[in-house]
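The figures that follow rest on heavy atoms only: side chains count, while hydrogens, waters and symmetry mates do not. Ligands are counted one by one from 1 in listed order, and the atoms in each one are counted from 1 as well. The residues of the chain are indexed from 1 along the displayed sequence.
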Amino acid sequence: MSDDLFYLPVKIGDVELKNPFIVASGPTVKRTDQMELAEKCGWGAASIKQAFNPFPYINYQPRYRWLKKEKLHTFTAEYRLDYEAGLRLVEDAKKKIKDMVIFANYSYVEEGLEGWQKSAKGFEAAGADILELNFCCPNMSFNVDVHSQPSEGERPSSGASMGQDADAVRDVVKATREVTDLPIIAKITPEGGEIAKVAKAAYDAGANAVCGVANRLGIAPVDIWNYKRSIYPLQGENTMGCLSGPWLLPLALRDVYEIRNLNGPEPHVIGTGGIARWQDAVQMIMCGADTIGVCTKTMTSGYGFLEKWMKSIKDYMEKMGFKSARDMRDLLLKEIATAADLTVWAGYAQVDPEKCNACGLCVEVGQCNAIILTDAAAEISAELCQGCHTCIDICPKNAIDMVDEKAAE
Ligand SMILES: Cc1cc2nc3c(=O)[nH]c(=O)nc-3n(C[C@H](O)[C@H](O)[C@H](O)COP(=O)(O)O)c2cc1C
């Protein structure tokens with residue numbers, strides 16, 4: 001391993017990233033100065049804010065909410081680049097960035113494939129290292145679709161509506177492959193429940209990588225006393241929110257796991273969604289990701305945390321005997337058992353009367369009839385205990401633990 005802290009190389013097609021960390025497309029990659037800072041902080045790649053061709057139909061100033069308690073970021077109206085602005089950004093960034101790989105993240109939002117091809121050629125000429133085709137944005141036609149079934153003649157399918165359709169993704173990737181030799185990433189969506197099959201269509205058509213996932217469309221928490229007004233500070237109306245951040249991680253891990261399982265060890269997978277700690281990135285790699293996209297965490301914390309992450313990951317790798325990111329990849333594929341294959345262990349919970357303060361919280365557990373409260377402490381009947389673990393999780397005194405009968409044998 002090189003002494004350079006940030007060196008943990010990985011390739012997408014022929015293009016080498018110095019490490020697997022990508023500033024995922026979003027508001028922290030819409031200006032060159034942001035990308036210069038990201039490069040200084042050691043990031044392997046940055047994917048520019050989505051550029052639209054033709055001009056986007058929802059394009060307001062951004063209004064964001066970061067709900068710390070819920071670990072959830074939400075927004076609807078997001079500033080976007082038009083195609084020309086996207087080209088200029090890539091051109092300018094390429095003049096100033098030496099070491100960091102630049103992805104052009106874009107969509108074409110009218111019917112037909114020629115527009116996609118023209119965009120690909122334009123971004124290649126502008127100097128993009130890699131093309132990232134956006135089949136994931138929930139805030140394009142998908143936002144409209146979930147309110148009402150699209151009728152004939154309405155806006156063409158785009159973003160997350162298009163990304164559910166394996167044939168449409170295949171056609172666009174194939175048409176793009178015909179006009180460029182640059183590596184192609186298809187950034188796809190779990191909406192529709194077929195993400196692994198859509199990934200396969202993209203790889204079959206010539207994509208070098210698939211990225212899952214982007215934001216999920218949902219209804220962000222509302223203020224029930226002012227339910228006619230949005231929780232967005234600047235936005236008066238209620239809308240569906242594009243949700244991202246740590247709450248998304250378990251779902252994103254599953255999506256990457258499914259993509260890797262169906263498509264085998266060869267193709268490149270970019271795991272994105274909810275990565276907010278170095279340990280999240282390691283789990284994502286273990287579920288099958290080669291590289292890691294991070295957006296929300298860069299919005300709330302900038303780019304500088306990567307140094308700590310790299311130190312921690314390198315320490316971890318040394319302790320675990322991993323020499324490359326590839327050594328960690330897929331480790332969970334064999335470990336995750338189906339529900340049918342799981343071993344069911346016998347056991348029960350027991351109270352440590354020294355620690356218990358008889359607060360009675362555990363007696364309230366709705367599914368349990370095994371716990372009674374005496375004046376001094378809670379008592380658990382081993383016979384009635386179903387081993388659900390809820391009392392252990394809610395006990396404020398950490399006074400309960402499990403007796404594993406197999407281990408005790
Ligand atoms: C405000 C905002 C804007 C985004 N814009 C884009 C975009 O233009 N293109 C894109 O492919 N993804 C976009 N994303 C999705 C992110 O790149 C990422 O896939 C998603 O937020 C999940 O990752 P995270 O939990 O690390 O944020 C955006 C996300 C946010 C929060």
If you count every heavy atom of other residues, nucleotides or ligands that lies below 6.0 Å from [X] atom [atom1], does the total exceed 12?
X      : atom1 : answer
Ile219 : CD1   : no
Glu354 : CD    : no
Lys18  : NZ    : yes
Asp181 : CG    : no

Proximity to ligand 1 by part of [X], non-hydrogen separation under 4.0 Å:
X      : answer
Asn134 : side chain
Lys187 : side chain
Glu132 : neither
Cys136 : side chain

Which atoms from ligand 1 have a heavy atom of [X] less than 4.0 Å away?
X      : answer
Val213 : 19 (O), 22 (C)
Gln50  : 7 (C), 8 (O), 9 (N)
Pro27  : 1 (C), 2 (C), 3 (C)
Gly273 : 22 (C), 23 (O), 25 (O)
Gly245 : 25 (O)
Ala214 : 19 (O), 20 (C)
Gly26  : 3 (C), 4 (C), 5 (N)
Thr296 : 24 (P), 25 (O), 26 (O), 27 (O)

_Tyr83/Trp116 aromatic ring centres below 6.0 Å_ = no
Nearest-neighbour protein heavy atom for [atom], which is reported as residue plus atom name and distance:
atom                    : result
atom 11 (O) of ligand 1 : Asn105 ND2, 2.9 Å
atom 16 (C) of ligand 1 : Ser25 O, 3.4 Å
atom 21 (O) of ligand 1 : Ser244 CB, 3.4 Å
atom 29 (C) of ligand 1 : Asn215 ND2, 3.3 Å
atom 8 (O) of ligand 1  : Lys49 NZ, 2.7 Å
atom 26 (O) of ligand 1 : Cys295 N, 3.0 Å
atom 25 (O) of ligand 1 : Gly274 N, 2.7 Å
atom 18 (C) of ligand 1 : Thr272 CG2, 3.8 Å

*Measure up the Tyr316 and Phe322 rings against each other and bin them: parallel (under 30°), tilted (30 to 60°), perpendicular (over 60°).*
tilted
*Name all residues meeting the salt bridge (charged side-chain N to carboxylate O under 4.0 Å, His left out) criterion together with Asp352; count only those two or more places apart in sequence or in a different chain, and write none if there are none.*
none
*For the pair Arg229 and Asp223, find out whether any cationic side-chain nitrogen is under 4.0 Å from an anionic carboxylate oxygen.*
no
*How long is the span from the CG atom in Leu253 to the CE atom in Met286, to the nearest 0.5 Å?*
11.5 Å
_Using 0.5 Å steps for rounding, measure from the OG1 atom of Thr180 to the CD1 atom of Ile130._
11.0 Å
*At a 4.0 Å cut-off, with the gap strictly under it, does some heavy atom of Lys297 reach an atom of ligand 1?*
no
*Answer yes or no for Leu249: is there a heavy-atom contact with ligand 1 below 4.0 Å?*
no
*asked:* Do Leu133 and Lys187 make a side-chain contact, defined as non-hydrogen atoms from C-beta onward lying under 4.5 Å apart?
replied: no
*Return the minimal non-hydrogen interatomic distance between Met100 and Glu39, and the atom names on each side.*
N-OE2, 3.2 Å
*For atom 1 (C) of ligand 1, which candidate among Phe52, Phe75, Tyr106 provides the closest heavy atom?*
Phe75
*Name the one of Val90, Asp92, Leu89, Thr28 that satisfies side chain to side chain contact (heavy atoms under 4.5 Å, CB included) with Met35?*
Leu89
_Of all pairs that satisfy salt bridge (charged side-chain N to carboxylate O under 4.0 Å, His left out), the ones with a partner from residues 124-141, not counting sequence neighbours_ = Lys94-Asp129
